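These notes concern the structure reproduced below.
Sequence lines set the chain letters: A, B, ... in the order given, protein chains first and strands last, and positions in each chain run from 1. None of these values were measured; they are calculated from a predicted model.
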Amino acid sequence: MSVIVYTESENGKFKKNAFEVASYASEVARQMGTTATAVSINCMENALLGTYGISKVLNVQNEKMKPFNAKAAAEVVSKALEAEGASVVVISSSSDAKYMAPLLSARLKAGYVPNIVAAPESTTPFKIKRTAFSNKGFAHTEIKTDIKILGVSNNAFGTVETPTDASIEDFSISLDAEFKTKSTDIDKVVGKATIADADIVVSAGRGLKGPENWGMIEDLADVLGAATACSKPVSDLGWRPHGEHVGQTGKPVASNLYIAIGISGAIQHLAGVSSSKTKVVINNDPEAPFFKAADYGIVGDAFEVVPELIEKLKEFKAQNS
Amino acid sequence: MKILVCISNVPDTTSKINFTDGDTKFDTNGVQFVINPNDEFGLTRAMWFKEKQGATVHVATVGDASVEPTMRKALAIGADEAIRVNAVPTDGFFVAQQLAEIVKNGGYDLVIGGRESIDYNGGMVPGILASLLDMNFVNTCVKLEIDGDNVTAVREIDGGKETLSTSLPLVVGGQKGLVEESDLKIPNMRGIMMARQKKLSVVEPVEGIKATEDVKFDKPAPKGEIKLVETVDELVSLLHNEAKVI
Ligand SMILES: Cc1cc2nc3c(=O)[nH]c(=O)nc-3n(C[C@H](O)[C@H](O)[C@H](O)COP(=O)(O)OP(=O)(O)OC[C@H]3O[C@@H](n4cnc5c(N)ncnc54)[C@H](O)[C@@H]3O)c2cc1C
């Protein structure tokens with residue numbers, strides 16, 4: 001009755017979320033008195049999972065799975081589950097994982113709970129805490145099916161090192177499903193942090209006045225190794241790409257640090273950022289609602305504060321490197 | 001082409017969230033319900049297909065009679081017919097099973113739902129539905145072009161976009177990007193009058209698996225006071241020494 005965890009990788013290397021879901025799966029396994037087995041697809045560094053308490057890695061090398069295909073991934077994970085006699089599957093909150101999850105759920109007739117923010121409250125019955133109402137509430141959800149799929153929110157559980165000797169087994173399967181949905185092009189920024197897995201996100205709103213002023217936002221992000229984001233009107237106006245729009249109708253952000261510059265903090269925007277740990281707001285209007293939702297704030301003009309912040313952070317980096 | 005748009009009836013974004021019955025139920029008191037924003041983008045894209053390429057557009061909702069104003073709004077926007085499954089939408093798996101029945105009986109080529117609803121944020125109904133019916137599925141869809149049975153779709157991925165080629169019959173989990181914000185339609189008087197005449201049928205639910213149950217709710221702890229700082233130096237110091245994020 002082991003726990004299966006789907007660990008995601010890219011170009012042969014684990015994504016950051018792989019170690020978080022591995023840590024989470026180890027904790028679930030501990031609570032259930034069993035072990036955690038990872039399903040790893042086209043990754044070259046499987047032994048690393050032992051650090052996070054994984055005792056077995058099912059190593060899948062399959063050209064058909066490059067790039068990610070949701071249906072194929074669901075098929076591999078369900079076959080691994082069968083092979084291991086497992087009853088719990090742990091996945092991340094990446095867009096790929098969220099694409100695969102419902103397909104897996106239907107296939108296994110399994111209850112799927114996304115947006116989980118803590119270890120299970122109990123495993124008999126299986127009860128789990130997750131966010132609901134766009135982060136304005138939490139639901140404590142009981143999963144009633146024999147097989148359970150747990151989608152862990154980014155950065156909610158963190159990584160926990162519990163070194164284990166991980167055995168690595170090749171898991172070769174022939175994919176019998178016919179994959180009618182095929183990837184023809186991937187347009188992705190490489191080498192830069194993405195909103196989904198960045199530790200720090202620097203975000204700006206309509207207060208920046210125009211796209212020509214984003215240079216300083218990018219500079220600030222560069223100093224911090226951060227991803228850039230924006231409010232909805234900014235992407236609606238075409239100042240920034242849609243993929244950067246954060247909030248209820250955009251992307252969720254669960255970073256350690258979220259810096260909001262010239263963003264008012266409308267409820268729809270806050271819905272997407274409330275899982276971030278530390279929020280900083282820079283706004284010239286002391287009445288901006290964001291000041292009620294943030295941890296630190298500067299009331300001031302972004303065009304003065306941001307350049308100064310970049311300089312001070314550069315100095316700080318130089319002193320602390 | 002026959003299109004079904006799955007509509008979730010959700011509390012308006014600005015609603016205050018409260019719970020009743022010992023925190024076991026969402027408090028609907030004073031809450032305004034609307035078409036789920038992600039579904040509205042899908043509905044508008046469906047209307048585009050209807051106008052530009054010719055299509056019949058139906059909408060379906062799982063819910064009790066209280067969801068009918070939201071369905072009438074979808075009809076006023078231009079959908080041809082509405083179907084309500086007379087059941088409380090308790091969990092995503094159950095809802096998907098009910099909608100699957102409608103799709104099976106209705107012979108739809110394209111089913112559009114939202115990436116997620118903004119109440120329970122499950123993000124599973126379109127995918128489960130696709131899988132139950134063995135239809136193709138594209139999630140977080142931000143662009144959808146259809147030529148005969150051939151489909152080109154773009155989905156949002158972490159850090160970018162992926163173009164997919166697939167075919168009808170297809171289920172889409174849609175979101176902003178499917179149409180521009182400015183294309184969203186506000187029902188006009190004529191639309192509202194016409195919606196009254198349109199067919200809104202009610203069907204009884206089929207037996208289904210209830211996979212999950214929300215047994216209790218709570219709210220995040222109130223936030224502590226913000227620390228307002230005067231200087232950038234102070235901010236850098238707090239981020240390093242207190243918050244420990246840099
Ligand atoms: C159904 C629905 C869904 C929505 N979903 C989202 C969503 O997902 N994400 C989202 O962001 N919004 C969303 N919105 C829109 C949201 O309600 C707000 O309109 C939006 O977040 C405002 O963006 P903003 O703060 O950039 O712009 P504004 O509201 O224009 O605010 C700009 C801010 O910049 C400040 N400012 C101006 N000049 C300066 C300066 N020189 N220095 C410093 N500060 C300055 C101003 O004081 C102001 O606070 C949604 C709305 C609806 C109805």
Checklist entry - With a 4.5 Å heavy-atom cut-off, do B:Arg115 and A:Lys98 have their side chains touching? => result no

- Query: Between A:Ser235 and B:Lys176, do the side chains contain an N or O donor and an N or O acceptor separated by less than 3.5 Å?
  - Reply: yes

So, the part of A:Thr278 with a heavy atom under 4.5 Å from chain B: the answer is side chain

Is the backbone N or O of B:Gly122 less than 3.5 Å from a side-chain atom of A:Asn115, with the two atoms forming a donor-acceptor pair by type?
no

The interface call for B:Leu235 against chain A, heavy-atom contacts under 4.5 Å, is side chain

Under 4.5 Å to a heavy atom of chain A? For B:Ile157 that would be both

Mind listing the side-chain donor-acceptor pairs of residues 239-246 of chain B below 3.5 Å, one per line with the distance, residues two or more places apart or on another chain?
unit_1: B:His240; atom_1: ND1; unit_2: B:Ile246; atom_2: O; d: 3.0
unit_1: B:Asn241; atom_1: ND2; unit_2: B:Ser237; atom_2: O; d: 3.2
unit_1: B:Asn241; atom_1: ND2; unit_2: B:Ser237; atom_2: OG; d: 3.3
unit_1: B:Glu242; atom_1: OE1; unit_2: A:Tyr296; atom_2: OH; d: 2.4
unit_1: B:Glu242; atom_1: OE1; unit_2: B:Lys227; atom_2: NZ; d: 3.1
unit_1: B:Glu242; atom_1: OE2; unit_2: B:Lys227; atom_2: NZ; d: 2.5
unit_1: B:Lys244; atom_1: NZ; unit_2: B:Asn241; atom_2: O; d: 2.7

Taking every heavy atom of A:Ala196 against every heavy atom of B:Asp158, the minimum-distance pair comes out as CB-CG, 3.5 Å

Under 4.5 Å to a heavy atom of chain A? For B:Asp134 that would be side chain

| field | Ionic contact status for A:Lys188 with B:Glu162, cut-off 4.0 Å | value | no

Filtered by a 4.5 Å non-hydrogen cutoff, the part of residues 265-276 of chain A contacting chain B is A:Ile267, A:Gln268

For residues 282-289 of chain A against chain B, heavy atoms under 4.5 Å, the residues are none

Honestly, the part of B:Lys16 sitting under 4.5 Å from a heavy atom of chain A is neither

Okay, A:Leu224 and chain B: the region with an atom under 4.5 Å from a heavy atom over there is side chain

Within a strict 4.5 Å, meaning less than it, do heavy atoms of the A:Lys144 and B:Asp91 side chains meet? no

- Is it the case that A:Thr141 and B:Asp214 place a side-chain donor and acceptor less than 3.5 Å from each other? yes

On a heavy-atom basis, the closest approach of B:Thr231 and A:Ile298 is O-CD1, 4.2 Å

Max heavy-atom pairs within cutoff under 4.5 Å with chain B, candidates A:Ala74, A:Gly250, A:Gly225, A:Ser255, goes to A:Gly250

Applying a strict 4.5 Å limit to non-hydrogen atoms, the region of B:Phe93 in contact with chain A is side chain

Applying side-chain hydrogen bond (donor to acceptor under 3.5 Å, both in side chains) to B:Asn139 and not counting sequence neighbours gives none

- Query: Parallel, tilted or perpendicular: which fits the ring planes of B:Phe137 and A:Tyr99, with parallel below 30° and perpendicular above 60°?
  - Reply: perpendicular

* Does a salt bridge link B:Asp119 with A:Lys136, judged by any charged N lying under 4.0 Å from a carboxylate O? -> no

